[in-house]
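In what follows, chains carry the letters A, B, and so on, assigned in the order in which the sequence lines appear, proteins first and then strands, with residues in each chain numbered from 1. Please read these numbers as outputs of a predicted model, since none were measured by experiment.
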Number of protein chains: 2
Amino acid sequence: MSKLTITEVARMAGVSIGTVSRVLNNRPGVNPDTRTQVLEVVSRLGYVPDAGARKLARGSRGLIGVAPFSAHSSNSPYYGILLDAIQETIVREGYAARVLEPSVGEEMLSEVSGFIVPGVHLDDSRLSLLIERNIPLVVVGRCEKNVPWVDIDNTGGMRLALQHLIKLGHSRILHMTGTPIGQTTYDRLESYHQTMQDAGFTLSDELILDGTFTELGAYRILRQALEKGLEFTAVAAASDEMAYGAILALQDAGFRVPYDVSVTGYDDLPFAPQTQPSLTTVRQPIRQLGRTAAQLMLELIAGNAVRQVVLPTELVVRSSSAPLSRNRR
Amino acid sequence: MSKLTITEVARMAGVSIGTVSRVLNNRPGVNPDTRTQVLEVVSRLGYVPDAGARKLARGSRGLIGVAPFSAHSSNSPYYGILLDAIQETIVREGYAARVLEPSVGEEMLSEVSGFIVPGVHLDDSRLSLLIERNIPLVVVGRCEKNVPWVDIDNTGGMRLALQHLIKLGHSRILHMTGTPIGQTTYDRLESYHQTMQDAGFTLSDELILDGTFTELGAYRILRQALEKGLEFTAVAAASDEMAYGAILALQDAGFRVPYDVSVTGYDDLPFAPQTQPSLTTVRQPIRQLGRTAAQLMLELIAGNAVRQVVLPTELVVRSSSAPLSRNRR
DNA sequence: CATAGCTATTAAAACGTTTGCAAAGAGCGG
DNA sequence: CCGCTCTTTGCAAACGTTTTAATAGCTATG
């Protein structure tokens with residue numbers, strides 16, 4: 001069987017290729033009936049337009065920049081997965097994606113037909129610059145400004161983890177936050193406050209530690225806290241890396257996880273099932289996050305309305321969390 | 001000025017576009033004089049062929065898989081940079097690149113016209129599978145098998161770092177290795193042995209610590225060693241991450257870097273200049289590594305001979321290394 | 001009832017390459 | 001100097017889309 005092209009689709013649907021093209025690109029001027037008709041054929045045949053041909057026909061306009069998050073955050077596998085998903089979608093649609101260095105060069109602004117910006121800081125001036133210049137922009141992560149963005153339900157996810165721990169009998173739950181620089185950190189922290197209060201516990205500042213979003217950061221600050229004699233029976237970390245660092249810190253200090261202390265992570269990165277013990281964590285759909293971001297960008301370029309999307313999270317229970325035990329050391 | 005196309009190049013060189021195309025794709029049957037002539041024009045105008053058009057004309061054959069390194073190693077920013085460089089080159093040549101999960105699916109083998117495999121393990125059975133099936137393959141990292149590969153000069157780079165420390169007066173130099181799973185770890189370790197011996201020092205196994213290629217791994221094992229009273233005046237780490245972990249471990253234990261202990265890294269990742277103190281390290285050309293890997297793949301597909309490439313490394317001296325001081329604590 | 005003004009559709013011309021085929025020379029043995 | 005190969009080159013047809021201009025079929029208007 002030869003390659004499936006738009007011609008075949010057109011023939012099957014009994015229309016011309018021009019019409020099919022318009023349907024596929026959401027262009028106006030096609031009868032709703034014809035549209036659904038064509039879409040039906042497309043999905044039945046499983047037709048996927050050729051990226052190269054689209055790009056060629058469109059006149060090669062269409063380089064989409066993926067930029068600029070802080071250099072430091074790129075240490076996580078999280079970003080690798082996210083970027084790959086973004087690229088995949090963009091390239092499939094016949095655009096080119098280019099990952100740019102954190103330093104946005106002025107000259108780039110003219111070469112690029114849009115920016116996807118993951119991991120934006122709360123006060124990022126570069127963001128304002130892009131908005132000001134009216135350059136198509138999609139932000140990955142919730143954003144106060146009126147731009148299209150995708151985010152996961154950070155608040156809901158954190159609540160899931162905490163309610164899980166609370167149901168297991170824990171009340172002195174330590175929250176390991178990330179660097180207080182992004183909306184994400186803030187949202188998860190806020191959710192911690194809210195959920196603990198709702199459960200009737202009093203908040204205590206000493207139970208909130210900044211683990212800088214890294215294994216090592218979490219490890220160091222937690223060991224330090226343990227040496228000072230801080231008491232708690234569970235750790236709810238704002239990332240899997242920090243959860244892992246916390247587990248090691250606890251183990252090195254002689255605590256058993258989860259028997260003495262329970263630990264939960266956030267993200268469900270590929271290594272989460274492989275830690276010792278395997279990590280109970282909040283799963284977020286990273287690839288879908290990337291796909292959606294790319295999608296929003298394409299919609300934006302096509303002139304559609306600005307919209308925001310929030311993706312759901314889900315609790316994955318593994319072995320790092322257990323009921324509060326009475327005979328603790 | 002409109003877009004620069006092959007037509008313009010042909011006109012400038014006084015030949016037909018067919019000839020230009022043949023030159024650009026290294027196809028036989030074009031006069032050597034004409035060839036250099038065309039190449040001259042191409043480089044003068046700075047002409048870059050349109051990726052989409054190439055892909056289209058070639059009939060869309062050409063998806064190149066970038067796969068499968070172990071999930072764990074993907075935690076480093078190193079891989080992000082490498083993958084981006086590979087993708088950039090491949091896409092520029094009109095092929096598509098797809099980053100695959102570590103688990104190589106059988107079904108993938110038929111869809112893909114070649115594999116680029118970074119971070120191969122010494123005994124990787126999947127590698128043998130690919131060779132057996134005669135699937136075009138490029139390995140990033142030295143490889144015993146007769147396949148095309150690119151690597152950096154690991155041995156030479158380690159020697160540079162060590163000779164730097166030796167020149168500063170250090171003799172008890174600790175080597176922080178990575179997980180003993182890849183050729184890279186082995187090469188750097190071997191170079192440590194060799195260089196120390198050449199300098200007339202006796203080797204001691206206690207001066208070799210496995211930092212698992214991570215910040216946290218390095219931090220934990222070094223703190224442990226310090227508590228046991230291990231004596232040394234310098235640390236030569238096999239990665240920047242481990243060097244950073246080592247610096248923090250030393251500082252947390254009350255040592256000053258570089259006054260009490262010098263530390264060197266390896267890779268020169270983006271964060272290296274930003275540590276406290278900034279990191280003396282061995283720079284490797286990561287992007288070029290990726291570009292070369294992609295290049296070799298394209299050559300392989302074009303039917304050229306298998307070849308191997310070794311890229312040079314370079315010492316970058318910053319503030320984490322200093323002369324051995326006498327009045328140490 | 002002719003005309004203008006819509007809308008939905010089609011036909012065909014790009015887009016920038018690669019590549020099979022034919023043509024034009026060049027060298028050469030007869 | 002005539003036919004032969006061989007090498008080098010040019011021509012033109014793909015490749016799978018998008019998009020512009022033209023067309024056909026309506027409805028509303030005068």
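Counting only heavy atoms from C-beta outward, the side chains of Val310(B) and Gln308(B) never approach each other to under 4.5 Å. Asn154(A) has its side chain out of reach of Arg142(A): every pair of non-hydrogen atoms, C-beta onward, lies at least 4.5 Å apart. Residues Arg54(B) and Leu56(A) fail the side-chain proximity criterion, which asks for heavy atoms closer than 4.5 Å. A heavy-atom distance below 4.5 Å is not found between the side chains of Gln37(B) and Glu40(B). Inter-residue side-chain proximity for Tyr47(B) and Ile6(B) is flagged as met; some heavy-atom pair is nearer than 4.5 Å.
Checking the phosphate oxygens (OP1, OP2) of dT9(C), a side-chain nitrogen or oxygen of Thr34(A) falls inside 4.0 Å. The phosphate of dG10(D) (OP1 or OP2) has a side-chain N or O of Thr19(B) nearer than 4.0 angstrom. The side chain of Thr5(B) contributes no N or O atom lying less than 4.0 Å from OP1 or OP2 of dG16(C). A close approach under 4.0 Å does occur between a side-chain nitrogen or oxygen of Arg27(B) and OP1 or OP2 of dT19(C). Considering only side-chain N and O atoms, Thr7(B) lies nowhere under 4.0 angstrom from the phosphate OP1 or OP2 of dG16(C). Distances shown here put every side-chain N or O of Asn31(B) at or beyond 4.0 Å from the OP1 or OP2 atom of dT7(D).
A straight line from CG of Asn26(B) to C1' of dT19(C) spans 16 Å, rounded to a whole angstrom. Separating the CG atom of Asn25(B) from the C1' atom of dG20(C) is a distance of 15 Å, rounded to the nearest angstrom. Put simply, CG on Leu56(A) is 4 Å from C1' on dC15(C), counting in whole angstrom units. Spacing between atom CZ of Arg58(B) and atom P of dG16(D) amounts to 15 Å, rounded to whole angstrom units. Distance CD1 (Ile6(B)) to P (dT9(D)): 15 Å, rounded to an integer number of Å. Atom CG in Leu4(A) sits about 14 Å away from atom P in dC15(D), given to the nearest Å. In this structure, Arg22(A) atom CZ and dT17(D) atom P are separated by 15 Å, rounded to whole Å. Rounded to whole Å, atom P of dT18(D) lies 7 Å from atom CG of Leu24(A).
Counting non-hydrogen atoms under 4.0 angstrom, Ile17(B) reaches a base of the nucleic acid.
Nearer to the 5' terminus of DNA chain C, by closest-nucleotide assignment, is the contact made by Pro28(A) (compared with the other of Ala53(A) and Pro28(A)).
For Arg307(B), the CZ atom sits in a loose shell: 12 or fewer heavy atoms of surrounding residues, nucleotides or ligands are nearer than 6.0 Å.
In terms of polar N and O atoms assigned as donor or acceptor, the side chain of Arg35(B) never comes within less than 3.5 Å of the base of dT8(D) in a complementary pairing.
Comparing dT19(D), dG10(D), dG16(D) by their nearest atom to the side chain of Val15(B) picks out dG10(D).
Bending across the helix from dC1(C)-dG30(D) to dG30(C)-dC1(D), expressed as the angle between its end axes from five pairs apiece, amounts to 60° (10° rounding).
Within the model, atoms CG of Asp84(B) and CD of Gln87(A) stand 6.5 Å from one another, a figure rounded to the nearest 0.5 Å. To the nearest 0.5 Å, the span separating CD on Glu299(B) from OG1 on Thr292(B) amounts to 9.5 Å.
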